[in-house]
**Q** 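This is the structure I want to talk about, given as structure tokens.
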Protein chains: 2
Amino acid sequence: MKPEKQERIINAAMKEFVKSGFEKASTNEIVKDAQISKGSLFNYFSNKKDLYLFLIQNALNIIEQIYVEIDMNERDIFERISQVGFIKLNIQKKYPLVFDFLKSLIEEDAKDVKSEINQLLANVQKDGFKRIYENIDWSKLREDIEPEKAMNILNWAMTGFAELQIAKIKSFEDIGTEMFNEWDEYKEILKSCFYKNGE
Amino acid sequence: MKPEKQERIINAAMKEFVKSGFEKASTNEIVKDAQISKGSLFNYFSNKKDLYLFLIQNALNIIEQIYVEIDMNERDIFERISQVGFIKLNIQKKYPLVFDFLKSLIEEDAKDVKSEINQLLANVQKDGFKRIYENIDWSKLREDIEPEKAMNILNWAMTGFAELQIAKIKSFEDIGTEMFNEWDEYKEILKSCFYKNGE
DNA sequence: ATGAAATTGACCACTTTGGTCATCTTTCTG
DNA sequence: CAGAAAGATGACCAAAGTGGTCAATTTCAT
């Protein structure tokens with residue numbers, strides 16, 4: 001199968017599953033959106049559940065990729081965060097809905113797939129945070145701030161910023177440099193907040 | 001109609017509309033969840049669209065309530081934020097899904113209701129932020145930080161914190177005081193970051 | 001030109017849909 | 001207490017949509 005076609009199917013299917021959940025997701029909608037025929041879809045996947053489980057596995061693989069791409073030698077937390085943001089952005093370009101799809105799994109409770117989801121998600125690290133922030137040099141941090149709280153605030157800021165950007169553009173073609181510049185400004189503010197004076 | 005029953009219907013309907021969107025939302029599910037009969041529902045509302053539009057109006061009224069409850073004389077931004085958080089929490093106790101419901105309207109694109117949504121949302125203030133932060137005393141802020149950026153960071157932190165709490169408890173009965181204490185700690189950190197030294 | 005592989009969409013039995021309405025229950029009035 | 005008015009019910013309906021099949025067609029390497 002052409003990878004471009006596979007991508008179309010994956011994105012169309014994720015879109016529908018995110019929108020409607022497993023049970024209400026319509027295979028008719030998926031094939032329409034992916035521009036393939038019903039028969040084709042059921043050639044590749046023996047049934048809806050099969051497709052769903054494939055998507056989960058696929059999404060997990062994609063996420064795993066984040067961790068291998070992180071440069072664990074970069075010990076500065078702000079640089080690390082920027083790195084992760086950049087990696088995520090690239091993923092979103094190809095699969096705009098992976099993160100939403102994974103999030104939707106948690107709330108999914110269709111009995112047909114509930115147990116399989118739990119099984120697949122059981123292996124995934126509980127706190128992705130912890131892995132992303134491995135080997136960070138916390139000594140630069142002001143001593144009156146708990147690292148965990150700082151981490152949370154930074155995460156919330158990054159997530160909030162990213163959401164704002166996504167809402168703003170809605171098309172990933174023109175990410176441009178302004179976005180990175182703006183993030184840099186936030187970075188500077190937060191650095192001046194959390195780092196000891198002068199670092 | 002008993003207000004308690006109305007509340008049940010509103011919450012059941014919002015739940016279903018949030019979960020499934022306008023078109024796929026099932027009136028059967030709504031009546032089941034609200035514990036009323038199909039006939040009753042269609043006595044109160046002439047059809048699904050009617051119910052949906054009522055819910056929107058209702059949600060907008062609820063949100064509007066936030067603004068009248070804010071004490072605009074409180075000029076300290078951290079106190080203001082805590083106030084808003086508290087008001088929102090109380091709203092969520094009664095209508096756990098209003099905010100999700102309103103958020104879902106933006107993405108809704110069923111042709112049956114699209115134009116009405118836009119019409120109803122047109123009147124709502126573009127940036128709720130701006131209104132919530134009216135009359136804030138920005139002079140306490142460190143001068144090297146743009147107030148707008150500070151506002152954003154604070155908002156992201158508050159939202160992130162709130163989400164974390166909601167995920168943690170999933171039941172509003174036991175909000176307890178620990179939550180407020182924990183938020184206070186974040187508040188102190190952020191204060192020490194954004195306010196001039198010693199304020 | 002040929003055979004194999006890939007693709008199609010009409011078709012199926014079945015479920016669910018939004019909405020109705022004759023009937024039953026509760027409440028109110030005198 | 002009778003009787004009327006108002007409220008609540010759920011079986012019922014035509015229509016639409018469901019996941020999945022498969023005989024027929026198209027595509028393509030040889």
Side-chain angles (χ1 to χ4, degrees), chain A residues 1-56 58 101 104-105 108-117, chain B residues 1-56 58 101 104-105 108-117:
Chain A
M1 181 173 14
K2 294 260 167 67
E4 173 261 342
K5 186 193 226 174
Q6 191 182 38
E7 225 168 273
R8 241 168 42 221
I9 296 176
I10 289 174
N11 281 328
M14 285 203 296
K15 187 162 145 194
E16 180 67 10
F17 282 121
V18 167
K19 189 180 147 214
S20 307
F22 176 74
E23 281 197 306
K24 293 200 178 187
S26 162
T27 52
N28 291 324
E29 286 296 317
I30 293 171
V31 299
K32 202 194 295 173
D33 194 25
Q35 292 168 269
I36 58 164
S37 70
K38 196 85 163 285
S40 256
L41 182 67
F42 284 96
N43 256 7
Y44 305 136
F45 307 95
S46 55
N47 53 43
K48 190 161 99 164
K49 184 172 169 178
D50 207 44
L51 165 61
Y52 192 64
L53 297 180
F54 167 81
L55 286 180
I56 298 178
N58 180 254
F101 179 68
S104 78
L105 296 180
E108 181 60 64
D109 61 347
K111 52 211 159 308
D112 298 30
V113 292
K114 182 102 181 163
S115 71
E116 280 90 343
I117 289 179
Chain B
M1 181 173 13
K2 294 263 165 68
E4 172 260 341
K5 186 191 222 173
Q6 192 183 36
E7 226 167 89
R8 241 167 42 222
I9 296 175
I10 289 174
N11 281 328
M14 285 202 295
K15 188 164 146 192
E16 180 67 12
F17 281 122
V18 167
K19 189 181 148 213
S20 308
F22 176 74
E23 279 197 307
K24 293 201 179 187
S26 161
T27 52
N28 293 325
E29 286 296 317
I30 293 172
V31 299
K32 202 195 294 173
D33 195 25
Q35 292 167 270
I36 58 163
S37 70
K38 196 85 165 284
S40 257
L41 182 67
F42 283 97
N43 256 7
Y44 304 137
F45 306 95
S46 55
N47 51 45
K48 190 161 100 163
K49 183 171 171 178
D50 207 44
L51 165 61
Y52 192 65
L53 296 180
F54 167 81
L55 287 180
I56 298 178
N58 181 255
F101 179 69
S104 78
L105 295 181
E108 180 60 64
D109 61 348
K111 50 211 159 308
D112 298 31
V113 291
K114 183 102 181 165
S115 72
E116 280 89 346
I117 289 178

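Reminder, nothing fancy here: chain letters follow the sequence lines and each chain counts from 1. As the structure is a computational prediction, the values presented were derived from the model and not from experiment.
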**Q** Report yes if some heavy atom in the side chain of Lys32(B) is under 4.5 Å from a heavy atom in the side chain of Glu29(B); otherwise report no.
**A**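 Counting from C-beta outward, Lys32(B) and Glu29(B) do come under 4.5 Å.
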
**Q** Does a side-chain N-to-carboxylate-O contact under 4.0 Å join Glu23(A) and Lys48(A)?
**A**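 Judged by the 4.0 Å cut-off on N to carboxylate O distance, Glu23(A) and Lys48(A) do not form a salt bridge.
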
**Q** Which nucleotide sits closest to the side chain of Phe42(A): dT17(C), dG19(C), dG20(D)?
**A**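 Between dT17(C), dG19(C), dG20(D), the one nearest the side chain of Phe42(A) would be dG20(D).
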
**Q** It should be established whether Ser37(A) places a side-chain nitrogen or oxygen under 4.0 Å from OP1 or OP2 of nucleotide dT8(C).
**A**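 Yes.
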
**Q** Applying a 4.0 Å non-hydrogen cut-off, can you work out what Ser40(A) is touching in the nucleic acid: base, sugar-phosphate, or nothing?
**A**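 Base: the residue Ser40(A), judged by heavy atoms under 4.0 Å, touches a nucleobase.
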
**Q** dA8(D), OP1 or OP2 - any side-chain N/O from Asn43(B) closer than 4.0 Å?
**A**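 It does not, given that no N or O in the side chain of Asn43(B) lies less than 4.0 Å from OP1 or OP2 of dA8(D).
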
**Q** If you compare every side-chain N and O of Lys48(A) against the phosphate oxygens of dG19(D) (OP1, OP2), does one of them come in below 4.0 Å?
**A**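 For dG19(D), OP1/OP2 do have a side-chain N/O of Lys48(A) under 4.0 Å.
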
**Q** Tell me, do Val113(B) and Ile56(B) make a side-chain contact under 4.5 Å, heavy atoms counted?
**A**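 Result no, sub-4.5 Å side-chain heavy-atom pair not found.
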
**Q** Tell me the interatomic distance from Lys38(B), atom NZ, to dT17(C), atom C1', rounded to whole angstroms.
**A**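 For the pair Lys38(B) NZ and dT17(C) C1', the rounded distance is 7 Å.
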
**Q** Give a yes/no answer on whether the side chain of Ser26(B) brings an N or O atom under 4.0 Å of OP1 or OP2 in dT16(C).
**A**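 It does not, given that no N or O in the side chain of Ser26(B) lies less than 4.0 Å from OP1 or OP2 of dT16(C).
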
**Q** Name the residue closer to the 5' end of DNA chain D, choosing between Gly39(A) and Ile36(B) according to the nucleotide with the nearest heavy atom.
**A**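 Its nearest nucleotide being more 5', the pick is Ile36(B).
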
**Q** Would you tell me if any nitrogen or oxygen in the side chain of Asn47(B) comes within less than 4.0 Å of OP1 or OP2 on dG18(C)?
**A**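 Answer no for this pair, as no side-chain N or O of Asn47(B) is under 4.0 Å from OP1 or OP2.
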
**Q** Rounded to whole Å, how long is the line connecting atom CG of Asn28(B) with atom P of dT16(C)?
**A**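 Atom-to-atom, Asn28(B) to dT16(C), this comes out as 9 Å.
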
**Q** Whole angstrom is fine here: how far is it from CD in Glu23(A) over to P in dT15(C)?
**A**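 Rounded to the whole Å, the gap is 14 Å.
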
**Q** Does Tyr44(A) place a side-chain N or O at less than 4.0 Å from the phosphate oxygens OP1/OP2 of dA6(C)?
**A**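 For Tyr44(A), the contact criterion (side-chain N or O under 4.0 Å from OP1 or OP2 of dA6(C)) is not met.
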
**Q** Under 4.0 Å: is that the gap between some side-chain N or O of Lys5(B) and OP1 or OP2 of dA8(D)?
**A**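 It does, given that an N or O in the side chain of Lys5(B) lies less than 4.0 Å from OP1 or OP2 of dA8(D).
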
**Q** Figure out the CD/C1' separation between Glu29(B) and dG18(C), and round it to whole Å.
**A**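 Going from CD in Glu29(B) over to C1' in dG18(C) covers 14 Å.
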
**Q** Is Phe42(B) close to Thr27(B) at the side-chain level, that is, under 4.5 Å between some pair of heavy atoms?
**A**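 Result yes, sub-4.5 Å side-chain heavy-atom pair found.
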
